[in-house]
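Reviewing the structure listed below.
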Amino acid sequence: MKLKINLLLTFLLCAIMLVLNVDALGQAGVQKKDFGKTPEGQNVEIYTLTNSRGAEAKITNYGGIVTSLKVPDRTGHLSDVVLGFDNLDAYLKGHPYFGAIIGRYGNRIAKGRFSLNGAEYKLAVNNGANHLHGGIKGFDKVVWNAGPLKVANGVALVLTYQSKDGEEGYPGNLSVKVTYTLTNRNELKIEYSATTDKDTVINLTHHSYFNLAGQGEGDILKHSLFLNANRFTPTDEGSIPTGELRSVRKTPFDFLQATEIGARINQPDQQLQFGKGYDHNFVLNGKMGTMRLGARVYEAGTGRVMEVWTTEPGMQFYTGNFLDGTLTGIDGKVYQQRYGFCLETQHYPDSPNQPKFPSTVLRKVGRYHTVTVYKFSVRR
Ligand code: BGC
């Protein structure tokens, strides 16, 4: 009888903990704090998402930026594995898209021009002659509406933004929603959706710079990378795709067998010279629209593994080539060249001008919806 009562009490306690989404340590949940004001006087907040295993993501509604992401190593020790700052001013001063939501169009559009339904659109030009990552004031620099969302398997934050017709030159009033979920399996899941009142183009992505040894803990050249891509999109000198889908075979772009990022990065290869290292879009194997493994990265020192799963057709692999030690991040860590890598799930660059690439047009009647998951684990 006593045993039965004990069992019943334990069951009830577990049920309550599940409903309240509280773990044994009592920390899981979402906490909101002030993060300052933009120069225009908009209030900015920062949300701390803690899952049932103690992993933690800090996300601000300024640019939807993940400012810190703490996951365990093989001994259980938590480290922050993304480059970032602990104050809004540092983000306002300028940075190369650390941890941000990128839109309306992640990556480049040649000369900032494209045609749709017979009309030519001129976008803001902010990367030499080209348009990059949504323009001068892209989604990484706007204040989003934000609020926690109850989910069964972790902790979540929903961000929404209404982008006006003509913003940075794009047609259509666009309603965007991005949901970040830190699951209880140590996954950072990002779900993007959008609708428009006029045909437009869209290509949203996320721009965290990862270092699985911990942010500021040296370069990422010894991380081992598997990329599930038989082909990539070579570019011209300005990083605009030539239109070719080139085989990775017998090139430094072949990561079909896990290889150290730095093993071939300095080879005299024209594409590597154009990118000053890796800064290229890979054509992911498998069917776009279905969730599949895009990449797996392993850092031997800590045992951390990160897998990237996505519904997107492509992924930009960027090795932090333009970091140069001028930015100091959290805990006074100085970010030198190649101290972080990005795996930006996306459509191919310049798709609006490349009829053979999968389309990035969002119709007035359509709904944009993509999912990407960064899954963290350890190898012992
Ligand atoms: C681009 C790089 C760029 C970096 C930061 C990446 O997504 O491909 O060329 O330098 O973002 O701006």
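Order of appearance sets the numbers: ligands from 1, and atoms from 1 within every ligand.
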Which residue supplies the protein heavy atom nearest to [atom], what is that atom called, and how far is it?
| atom | result |
| --- | --- |
| atom 4 (C) of ligand 1 | Tyr318 CE2, 3.7 Å |
| atom 7 (O) of ligand 1 | Glu344 OE1, 2.7 Å |
| atom 6 (C) of ligand 1 | His207 NE2, 3.3 Å |

| query | So Phe139 and Trp144, would you call those rings parallel, tilted or perpendicular, with 30° and 60° as cut-offs? | reply | perpendicular
| task | Specify whether Phe114 and Tyr170 have parallel, tilted or perpendicular ring planes, treating 30° as the upper limit for parallel and 60° as the lower limit for perpendicular. | result | tilted
| task | Please determine if Asp279 has a nitrogen or oxygen closer than 3.5 Å to a nitrogen or oxygen of ligand 1. | result | yes
| request: Report yes if Asn107 has an N/O atom closer than 3.5 Å to an N/O atom of ligand 1; otherwise report no. | output: no
Quick check: do [X] and [Y] have side-chain heavy atoms less than 4.5 Å from each other?
| X | Y | value |
| --- | --- | --- |
| Thr179 | Ile190 | no |
| Leu174 | Gln162 | no |
| Lys150 | Val155 | no |

| Has Phe98 got any heavy atom lying under 4.0 angstrom from an atom of ligand 1? | no
Closer than 4.0 Å to some heavy atom of [X] - which atoms of ligand 1 meet that?
| X | result |
| --- | --- |
| Tyr209 | 5 (C) |
| Arg108 | 1 (C), 2 (C), 8 (O), 9 (O) |
| Tyr97 | 5 (C), 12 (O) |
| Phe322 | 10 (O) |

| query | Is Tyr278 touching ligand 1 with its side chain, its backbone, both, or neither, if touching means heavy atoms under 4.0 Å apart? | reply | neither
Do the ring centers of [X] and [Y] come within less than 6.0 Å of each other?
| X | Y | result |
| --- | --- | --- |
| Phe255 | Tyr278 | yes |
| His207 | Phe98 | no |
| Phe357 | His347 | no |

